[in-house]
Structure formats: structure tokens, C-alpha cells
Amino acid sequence: MATNIPAKLLSPYNPAETETPIYQLWQKSGLFNPDESIKLGITKPDADPFTIILPPPNVTGTLHLGHALMITIQDILIRFKRMQGKKTLWIPGTDHAAIATQAKVEKEISKKEGKSRYDLGREEMLKRIEAFAQQSHDTIVSQVKRLGASTDWSREAFTLDEQRNLAVRTVFKKMFDDGLIYQGSRIVNWDPKGQTTIADDEIVYEEEKSKFYYFKYGPFTIGTARPETKFGDKYVVMHPDDARYAAYEHGQKIDLEWINGPITATVIKDTAIDMEFGTGVMTITPWHSNVDFEIAERHSLDKEQIIDKYGKLLPIAGEFAGMKIKEAREKIVEKLQSKGLVEKIEDTYVHKIATAERTNGIIEPQIMKQWFVAVNKEFTTPHSEINGIASGSKTTLKELMRKAVDGKQVQILPDHFDKTYFHWIDNLRDWCISRQIWYGHRIPVWYKSSSLGLMGVGGGSQIYCGIEAPEGEGWVQDEDTLDTWFSSGLWTFSTLGWPSSTVDLKTYHPTNILVTGYEILFFWVARMILMTGYMFGTIPFSTVYLNGTVRDSQGRKMSKSLGNGGDPIETSEKYGADALRMFLATATTPGMDSRIYEDKIKGYKHFSNKLWNITRFILTNTENYTYDAQFSAWSEADEALTAERTEFIQTITKEMEEYKLHLSSEHIYKYVWTRFADVILEESKLIFKDGDEAAKASRAQFLHHTLRIILRVTHPYMPHVTEELWLLLTTGKSISEISEQNVTIEPSKLLLAQSWPA
RNA sequence: GGGAGAUUAGCUCAGUUGGUAGAGCAACCCGUUUACACCGGGAAGGUCACAGGUUCGAGUCCUGUAUCUCCCACCA
């Protein structure tokens, strides 16, 4: 065996020995931080920036393969752009995920200690949640590192830390002052289980089979699935064009016998009624139904609360007061039956009930005082770079969101998702941002009751919205916290130091690309566009890359109950993070779901070994030739191979610039394996055996040159194995020797710092 | 009810300026202790869901149908 072959190359590649120490070497180099990279002379100070902000994982648990996918895509892009000489910044962070985190900890405490959050009190409860969040955070960070992510840890952020909290209060106050945040009594989605409101998009509809009742209501028959809400129903509504009820006039009063005795009902004609459904007549419960609420608003009707915050009936229900909904339902039907008011009961009625995504509680709509962001209200934007909205003109938040994507300033990949986006925007209602939970950003509003009587007229209370608490005695802060997406919406600029006017903000914002799952297009992507458009009149990122969902081998969604979640760390331990990354890169196209196949991941482990053996082969067979970067006496055959190689590089460079990583990764795999290893190396054996000296020298140099190029282009996909091979080639030392002997590696000598080949 | 996507080799999926169908895995045959068995060579396998249309030419564009998936929407 040759003497200049590093001993480590003689045995098969073992990712477990390489990956962690290689990551430590990178971290020591400081090159994930663009400021360091400039200081070291690797990145030019005036280079174009390229920024990605990592979608912050929730501190509710640990990472799954879906996270691994999104991290892989971002790291490939960042490493690619870094090698192209860009001033690259990738900021990591985590999300406090308000309701989800609180619910999880509450559940745990209730299970272990049998206590509720009210037993513990706000302060103690928050302490517990923070401890949990910290632990979860630490796990997530180590997982992100294990995957090889070249994130700048010196800039790490958390959606609920001091800096981000200041950003939240600053935005809130500005919106409040502009009249875009208001407090209003509106119908909201109340989760009796979580004791909080939730947003429209936090609702999950579940199909349920239930009974459908037909009751006699004076001269009418009304159909309902919810008899327990009917106590206050004194309006009976029908479509104005319904011939069957032409005899009744809008506003007509009718006396009739109802659940708890005689009442006077009023006839209302409204086009919201579906003539085809049921009997075409219904009574309304504005306090507990959106549609009913809207009807009531249109005709200025009374609204009465029937059900309380805990899902129990109020005194208006008479003898049924205090009962839970389910219990009351049957008893009410019994009573109506005894009064002869039940016409028929169907039990094949299938409908969808609204449940809370985070707690599974059944949503009970309620009219409550909540904070809202007005999406349709006009305001004057001082400065706008969004096409179609002039600086100083009047606009709405909805218009900002629409125009940013309409003009392709924000490009969504795959582009058909912009239709989905517009559809959502056009149907958007005001965004309820207050939550009745403790974990989150407290609403920066304070109240002071004027019991001293100094205020005179009205004698009510004072309200103050500010970034800091108001001066003086007697101010009490609003108990509520903000929807977690409010702070997430600021993420692209709150991570860059805003509201201070930092160098980072000037340099790296707007960011270049957001990589995230399509399921949070509305939750998050839209709200980032809203917040950035509002605060700066710009876009938060120019491209949104929507990755698909990672499913198991049977096409099922990953879930805890199925136990098929897939642990990226376990997979990395088994096959190497590089193999997992390469698999994820090849298996995914934007917007399309993909399945995990362990056999394929295994295939990419073989690929890392192939790189290993290619290196060994070249070193063994070219012992008499040292790598010469200036070599130019190419043989005719090698000229041709060089041209072919150049074409290959151009192809993958173009694909990567267009974010088509599934194509570039496959092309790299094919070039390396089926072209370079299977054909070129095999031919080389003959040349080294029988060729003349010039041909041998040319081929030896070609192999050396090409190997270095292969390591560079493969590096974004499989950073660890390529880095170790690079170090073996350039220093003759393995990563274990480097760490054990404390060998200093100049940051500029790392593969991480090399330039992208042309 | 509205919208979007999918349908290509046994399985999982690629395939955008329309030009004679691709990969990985599986299966089949052969070879090799010669960088690598975490290997090499070879062969096999598809009326690109279906029906029309545009075109010299369609997996790719248009229309319609079927099946599946997802998203949005509180028919009480």
C-alpha cells in the first residue's frame, strides 16, 4: 500500500466518527457568522447579502423529519451562496407557540399533580412553562446542529425574549395609534376547554353524526341540531323569495308557545337563508353563531347569551340553568316532546363540528370583548415599495398582502399556491389577536378606573396603550396575551435587531428566501407580509419556497399517536446526517409531499462511502503525481472530459439558482457515480497501466482536479463527509487526528470556505 | 358548496421553452477478493388515468370525464 494514503481512508466511511467533530471545527472557525467571515478576508465586505431566517420550531417538543427537510433545503442554499461569495446570514431561533406550549405543560401538571393553572397562579405557572420551554429549546438546538446546519448561533432569537417583546409592543402601539388595532365585542371562537379564544385558522373541523330535530315554532317548523341554544330565540328567519312563507311579512309579530312558556316572535327576511335546507325557516341565536350574529347585526336585533364560558346554560334557560350542553339537550327535547312541539327527529344528520386544534375542545362561539386587527380599514402608508401602492397613499392591510404577491415581488414556489393565497386574502376577516392564556406577549394596554371621579363625564375608565407601562398609580395591565402569530409575523425584522436601526437590518432585510411548509402559508407567511408591509412598506422576502409534508412509507402523515414520527437524529446516527440530507434533497419537489424510504437513505450512505473510495482510489493510483492547480498539458481525452465536467457544473449551478434542488442533487449523484466512478475511473486504470507518460500525467491531474470539484459541489448536500475528505486531501490528517492533536486549521482552508467551481 | 393538486416501469417518484420515455429501490442474468459487496456489467419492464381537440409532432398545450389527496367555507 502507498505510504501517502491517510490510514483512515483504508477502512469504510463511518459518519458517526466524522459528523460531530466536523461540526465543532466549523463552529470554531466562526464562518457561520458573516462578520467573522469578512474579518478573515473570506467574504468581501461589499459582497451581495443572502439571508434566510429559519422558521422557528415550536418549543413544544423535538424536531421531526419535516423539520429536517426544511433545515436541509436552507442549509444547502446557504452553503451554496456562501461558496459563491455572498455575504450569507442564516439566523436560527425558536417559537414560544403560546397556546400549544401552555396546553402541553398544563396537561402534564394536571396528570402528575392533579392541579390546574389556577391552582398554581400566573407566576408559578409561567415559571413551569418557561422551564419546559428551555429544555425543549436545548434539545432542538442540538438537533439542528446534528444535521449540520450552518446557522449563525451568535444571532439566535426566541419569539418571546426581551428583544422580540420590545418589537411586539412597538408594533402593537403603532397599530393601535393608527386605529388598526381595536377592542370590540364580536363573535369569537371560544374554547371552553382551554378557556381562551382562538383564531379562525386554529379550528379543526371534525365530522360528527348527530340527531336533527324539527320543532313546531308557532305556525312554522324549524330544524336544528342544537336545541340547547334555543331559549332566547325570538326571531324567526326566512328567505325573502321563499313563496311558501310569502304570507308573512318582515317585522311581523307572532305569539307562540315555546320551551319555557309563551313568547312573541318577530319575522325576519334575510337572504342568508338556504331555502333548500330543512324547512327553509330557522330561528337565530346571535350570541352563539356567526351567521346568526351577522343576521342580527344587519337588522339590529337583540343578542342574548345562553351559554357561559364553561359551556353551561345561563339563568335564561330557566329550569335548565347550570346544566352542561349535552345533558341539557336531551332534557329540553323531552320537555318539548311533552308539550307536543316536536315534529320529528332524524338521526342521520352528518355535520362538522368546530374543535380547537391545540386542546381538542369543542368551540362555542361567544360574543366577547377582544382585540382585533382591522384588515379592511384604510390607513395612510408613509412609505411603500410595493408595486401598486404609492408612498403616502391610503391602503389597507389586506391590500398590502394582496399586492405584494400579485406583482410577484414575493414569489411563491410552486406558483399555483398564489391562487390559494389570494382566495384566503379575499375572504379574510378581522384578525382576533387576544388570547386568554398566560404564556405569551402580554397586551401592552393598561386600564385605570376613575373611581376617584376626576374624569367627570362618563366617569368610566381610562385606557393607555404604550411601549412601557404608564406613569402614576392605579394602572392595571390587560390580562390577555397575544396570538403567537403576532410575534411570528415580525420574525424577519425582529431577528435583525428592530426596532433599533441596526446595521443588520439595513444589510439583510428584506431576506431572500423563506423555506416553510405549505400548511402555514396563511398562519405565518401571510402575516409576515402583513407586518413587514405595514411597518416598512416592503416585502419580508422575495421568494417563498413551500416544501411538502414528509410522510411515512405508507403515505400517512407523521403523528405521535401512530408512532411513525421519524426521528432525524436516530436516522442520522444510523446512516449519517449527510445521507439523510441527500435523501431529503432528492426526494422533494416544492409543494409536493414525499415519503420516507429507509432503503433510499441507505443508498445515500453508500454514496458517501463511494466518495470515500473514489478519494482512496485516486490517491493510491496517482502516488507519483502531486496535485498541480496550474497544470495545463491536458491530453485530448481529458480536454473532452473537462468540457463535459464544465457543462455538468453549469447545469447544477443553474438548477440550484432556480431552487430545483431535487434536480441538482440527482445530477450530482449521477455524475459522481455512473460517470466519474464507473466510467472515468475504470478507463483510468488502463491509462495508468498502458498509457504513455504524458497521458498518465494528464489523467492524474484530471482526477485530482475533478475530485476537488466534486467535493466542492457535493458539499452543500453532504457537508460532513466532503469536509473530512477535503481535510484528508489538504492536510493529510483525519478529523480525529485534528481534534486530538489540537491541530489548528486556518478557517480559509476549510471546504466550507472554498469558492463554488465554474 | 368553492378552490388547488395528483394520476408516468412491480414500488416511490423525476421529467416547463411540445421533438423518438428517466432515476432509485425491488425482481432477473452474469461477473469480480483488481478503490468500493456500502461492487461492477447486462438484459427486462410503461397505449405517460380515460376521451376528444390544437399541431408535422403532445407525458408536456386546450376541453371534458373518472378516481384519489389536500385546503377553504359554522346548511341552522
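Proteins get letters first, then strands, A, B, ... in listed order; numbering begins at 1 in each.
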Participant: Now, which nucleotide makes the Watson-Crick or G-U wobble pair with A51(B), with each of the two distances under 3.5 Å?
Facilitator: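 Partner of A51(B): U63(B).
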Participant: What is the nucleic acid contact for Phe417(A), judged by heavy atoms within less than 4.0 Å: base, sugar-phosphate only, or nothing?
Facilitator: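 Answer is nothing: Phe417(A) stays at 4.0 Å or more from every strand.
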Participant: Quick one: Leu546(A) CG to A4(B) P, roughly how many Å, whole number?
Facilitator: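 Taking atom P of A4(B) as the reference, CG of Leu546(A) is at 17 Å.
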Participant: Any side-chain N or O of Tyr349(A) below 4.0 angstrom from OP1/OP2 of A76(B)?
Facilitator: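 So the side-chain polar atoms of Tyr349(A) do come within 4.0 Å of the phosphate oxygens OP1 or OP2 of A76(B), strictly under.
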Participant: At 4.0 Å (heavy atoms only), tell me whether Gly278(A) reaches a base, stays on the sugar-phosphate, or touches nothing.
Facilitator: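 Nothing, no nucleic acid heavy atom in range.
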Participant: Expressed as a whole number of angstroms, how long is the span from Phe583(A):CZ to C38(B):P?
Facilitator: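 Phe583(A) atom CZ is separated from C38(B) atom P by 21 Å.
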Participant: Under 4.0 Å: is that the gap between some side-chain N or O of Lys352(A) and OP1 or OP2 of A73(B)?
Facilitator: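 Indeed not, no polar side-chain atom of Lys352(A) lies that close.
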Participant: On RNA chain B, compare the nucleotides closest to Glu682(A) and Glu276(A); which residue's is nearer the 5' end?
Facilitator: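 Nearest nucleotide further toward 5': that of Glu682(A).
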Participant: Let me know the distance between NE2 of His416(A) and P of C70(B), rounded to the nearest Å.
Facilitator: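 Spelled out: NE2 on His416(A) to P on C70(B) is 15 Å.
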Participant: Calculate the interatomic distance between Asp418(A) atom CG and C71(B) atom P; express it in whole Å.
Facilitator: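 Checked: the CG to P distance equals 19 Å.
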Participant: With a cut-off of less than 4.0 Å, is there a side-chain N or O of Lys602(A) near OP1 or OP2 of A26(B)?
Facilitator: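 No, because none of the side-chain N or O atoms of Lys602(A) sits under 4.0 Å from OP1 or OP2 of A26(B).
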Participant: With respect to the side chain of Lys685(A), which nucleotide from A73(B), C38(B), A35(B) is positioned closest?
Facilitator: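 Nearest to the side chain of Lys685(A) among the choices is A35(B).
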Participant: Which base sits across from A21(B) as a Watson-Crick or G-U pair, both distances under 3.5 Å?
Facilitator: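 With both distances under 3.5 Å required, A21(B) matches none.
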Participant: Kindly give the atom pairs (protein nitrogen or oxygen, nucleotide nitrogen or oxygen) under 3.5 Å for nucleotides 9-13 of chain B.
Facilitator:
{"residue": "U12(B)", "atom": "O2", "partner": "Lys600(A)", "partner atom": "NZ", "Å": "3.1"}
{"residue": "C13(B)", "atom": "OP1", "partner": "Arg595(A)", "partner atom": "NE", "Å": "3.2"}

Participant: Relative to Phe688(A), does Arg699(A) satisfy both conditions: NZ or CZ under 6.0 angstrom from the six-membered ring centre, and within 45 degrees of the ring's axis?
Facilitator: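 Negative - Arg699(A) is either too far from the ring of Phe688(A) or too far off its axis.
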Participant: Any base atoms under 4.0 Å from Asn621(A), or only sugar-phosphate, or nothing? Heavy atoms, all strands.
Facilitator: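 It contacts nothing in the nucleic acid.
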Participant: Among the nucleotides G5(B), A76(B), A23(B), which one has an atom lying closest to any side-chain atom of Lys419(A)?
Facilitator: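 Nucleotide nearest to Lys419(A)'s side chain: G5(B).
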Participant: Of the candidate nucleotides A35(B), G15(B), A76(B), which contains the atom at the shortest distance from the side chain of His662(A)?
Facilitator: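 Closest nucleotide to the His662(A) side chain: G15(B).
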Participant: Specify the separation, in whole Å, of atom CG of Leu413(A) and atom P of U16(B).
Facilitator: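 For the pair Leu413(A) CG and U16(B) P, the rounded distance is 14 Å.
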Participant: Is there a Watson-Crick or G-U wobble partner for C68(B) with both distances under 3.5 Å, and which nucleotide is it?
Facilitator: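 In the structure as shown, C68(B) has G5(B) as its Watson-Crick or wobble partner.
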Participant: Pairing check on A58(B): which nucleotide meets the Watson-Crick or G-U wobble criteria with it, both distances under 3.5 Å?
Facilitator: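 Checking every strand shown, A58(B) finds no partner, since no pair has both distances under 3.5 Å.
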Participant: To the nearest 0.5 Å, how far apart are CZ in Arg675(A) and NE2 in His667(A)?
Facilitator: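 Between atom CZ of Arg675(A) and atom NE2 of His667(A) there are 14.5 Å.
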Participant: Regarding Arg186(A) and the six-membered ring of Phe372(A), is the cationic atom NZ or CZ under 6.0 Å from the ring centre and inside 45° of its axis?
Facilitator: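 Here Arg186(A) passes the 6.0 Å and 45° test against Phe372(A).
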Participant: Test of understanding: with side-chain contact (heavy atoms from CB on, under 4.5 Å), list the residues that count as partners of Val291(A), not counting sequence neighbours.
Facilitator: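 Only Ser289(A), Ile295(A) meet the side-chain contact (heavy atoms from CB on, under 4.5 Å) criterion with Val291(A).
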Participant: Tell me whether Arg581(A) forms a cation-pi arrangement with Tyr717(A), defined as NZ or CZ under 6.0 Å from the six-membered ring centre and within 45 degrees of its axis.
Facilitator: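 No, a cation-pi geometry is absent between Arg581(A) and Tyr717(A).
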Participant: Specify whether Trp258(A) and Phe215(A) have parallel, tilted or perpendicular ring planes, treating 30° as the upper limit for parallel and 60° as the lower limit for perpendicular.
Facilitator: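 It falls in the perpendicular class, over 60°.
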Participant: Are Trp673(A) and G40(B) close enough that a side-chain N or O sits under 4.0 Å from OP1 or OP2?
Facilitator: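 For G40(B), OP1/OP2 do have a side-chain N/O of Trp673(A) under 4.0 Å.
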Participant: Which whole-number value in Å describes the distance from Lys605(A) NZ to G24(B) C1'?
Facilitator: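 Distance, rounded to whole Å: 18 Å.
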Participant: Mind checking whether Tyr671(A) and Phe676(A) have parallel, tilted or perpendicular rings, split at 30° and 60°?
Facilitator: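 The arrangement is parallel - the two ring planes meet at less than 30°.
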Participant: Counting only side-chain heavy atoms from C-beta out, which of C25(B), C75(B), C70(B) sits nearest to Val291(A)?
Facilitator: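 Nearest to the side-chain atoms of Val291(A), counting from C-beta on, is C75(B).
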Participant: So is Lys600(A) actually on top of Phe583(A)'s ring, under 6.0 Å and inside 45° of the axis?
Facilitator: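 Verdict for Phe583(A): no cation-pi partner in Lys600(A).
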Participant: Less than 3.5 Å apart, any donor N or O on the side chain of Glu598(A) or Tyr575(A) sitting next to an acceptor on the other?
Facilitator: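 Short answer, yes.
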Participant: Tell me which nucleotide among U16(B), C72(B), C70(B) gets nearest to the side chain of His423(A).
Facilitator: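 So the side chain of His423(A) is nearest to C72(B).
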Participant: With both distances kept under 3.5 Å, what pairs with U16(B), Watson-Crick or G-U wobble?
Facilitator: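 Per the H-bond distance test, none.
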Participant: Side chain of Asp678(A): nearest nucleotide among A76(B), A35(B), G40(B)?
Facilitator: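 Of all the options, the side chain of Asp678(A) is nearest to G40(B).
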Participant: Return the nucleotide paired to C39(B): Watson-Crick means purine N1 to pyrimidine N3 with N6-O4 or O6-N4, wobble means G-U with N1-O2 and O6-N3, both under 3.5 Å.
Facilitator: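 Pairing partner, where one exists within any strand: G31(B).
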Participant: Nearest-Å distance, OH (Tyr421(A)) to C1' (G3(B))?
Facilitator: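 To the nearest whole Å, that distance equals 17 Å.
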Participant: What is the distance, rounded to the nearest whole Å, between atom CD1 of Ile618(A) and atom P of C36(B)?
Facilitator: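 About 14 Å, once rounded to whole Å.
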Participant: I want to verify a distance call: between G15(B), C38(B), C71(B), whose nearest atom is closest to the His606(A) side chain?
Facilitator: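 Output: C38(B).
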Participant: Assuming nearest nucleotide by heavy-atom distance, tell me which of Pro12(A) and Ala677(A) is located more 5' along RNA chain B.
Facilitator: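 Final value for this comparison: Ala677(A).
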Participant: Which part of the nucleic acid does Leu9(A) contact within heavy-atom distance under 4.0 Å: base, sugar-phosphate only, or nothing?
Facilitator: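 The answer is nothing, as Leu9(A) stays clear of every strand by at least 4.0 Å.
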